[in-house]
Amino acid sequence: MPYSSEVARTCQIIPFQMEILSRHTDYLSRWLDASMPMGICNADIFSTEEKQAGTSSAYVVIWVRETADPAYKVYSRGNRWIVMDAIRDNTLGSFSSFADALNMIRPVLPREKGIVAA
């Protein structure tokens, strides 16, 4: 059908956003258990109050032994997982999988091909 000036065409872009799923929660639990001897104290998942387009509605906060304040924040933006220094509010890296993001913080779990924590 040829384009007619009488027909208004609109394009709505919906940003892709990954969310923290049950498989990510399971992987986080295994990663936390394995990383405790390497200085990780705790990790928890929080929901964000301010929803931003293209950013997940939940994020992971990770504490280390050396400080009472959270040390890392992990969240998704589009199709990437972002690791932030929660103390200085600096982006430390952008990763294609949740497992790669946690691996950047502490590489404690073996990396397998076809991992399901993407």
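Just so it is clear, the values below take in all heavy atoms, side chains as well, and ignore hydrogens, waters and symmetry mates.
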I want to check something: taking the side chain as every heavy atom from C-beta on, are [X] and [Y] in contact at a cut-off of under 4.5 Å?
X      : Y      : result
Leu109 : Asn103 : no
Val74  : Phe98  : yes
Ile105 : Ile40  : yes
Met36  : Cys41  : no
Glu19  : Ser76  : no
Val60  : Phe46  : no
Thr91  : Val83  : no

(request) Please report the C-alpha distance between Asn90 and Met84 in whole Å, then the side-chain angles of each, then the deciding distance to 0.1 Å, and finally whether the side-chain contact (heavy atoms from CB on, under 4.5 Å) criterion is met. (result) CA-CA 6 Å; Asn90 292 328; Met84 292 197 62; 6.0 Å; no
For the [atom1] atom of [X] and the [atom2] atom of [Y], what is their distance to the nearest 0.5 Å?
X      : Y     : atom1 : atom2 : result
Asp26  : Leu21 : CG    : CG    : 10.5 Å
Ser22  : Leu28 : OG    : CG    : 12.5 Å
Leu102 : Ile62 : CG    : CD1   : 5.5 Å
Lys73  : Leu92 : NZ    : CG    : 12.5 Å

(request) Answer yes if Ile45 and Val64 sit in the same cluster of Ile, Leu, Val, Met, Phe, Trp and Tyr residues linked by side chain heavy atoms under 4.5 Å apart, and no otherwise. (result) yes
(request) Determine, stepwise, if the pair Phe95 / Trp81 fulfils ring pair (Phe, Tyr, Trp, His ring centres under 6.0 Å). (result) CA-CA 5 Å; Phe95 303 90; Trp81 290 95; over 10 Å; no
(message) For Arg88 and Asp85: C-alpha separation, side-chain torsions, deciding distance, then whether salt bridge (Lys or Arg N to Asp or Glu O under 4.0 Å) applies.
(response) CA-CA 6 Å; Arg88 293 170 193 87; Asp85 176 339; 2.9 Å; yes
Say whether, by atom type as modelled, one donor and one acceptor occur between the side chain of [X] and the main chain of [Y] under 3.5 angstrom.
X     : Y      : result
Ser35 : Met38  : no
Thr67 : Trp63  : no
Trp31 : Val108 : no

(request) Kindly determine whether Tyr72 and Arg106 satisfy side-chain contact (heavy atoms from CB on, under 4.5 Å), including the steps that lead there. (result) CA-CA 11 Å; Tyr72 301 98; Arg106 295 288 191 281; 3.8 Å; yes
(message) Between Arg30 and Asp33, does any NZ, NE, NH1 or NH2 come within less than 4.0 Å of an OD or OE carboxylate oxygen?
(response) no
(message) Which heavy atom of Val61 sits nearest to which heavy atom of Pro70, and what is that distance?
(response) CG1-CB, 3.1 Å
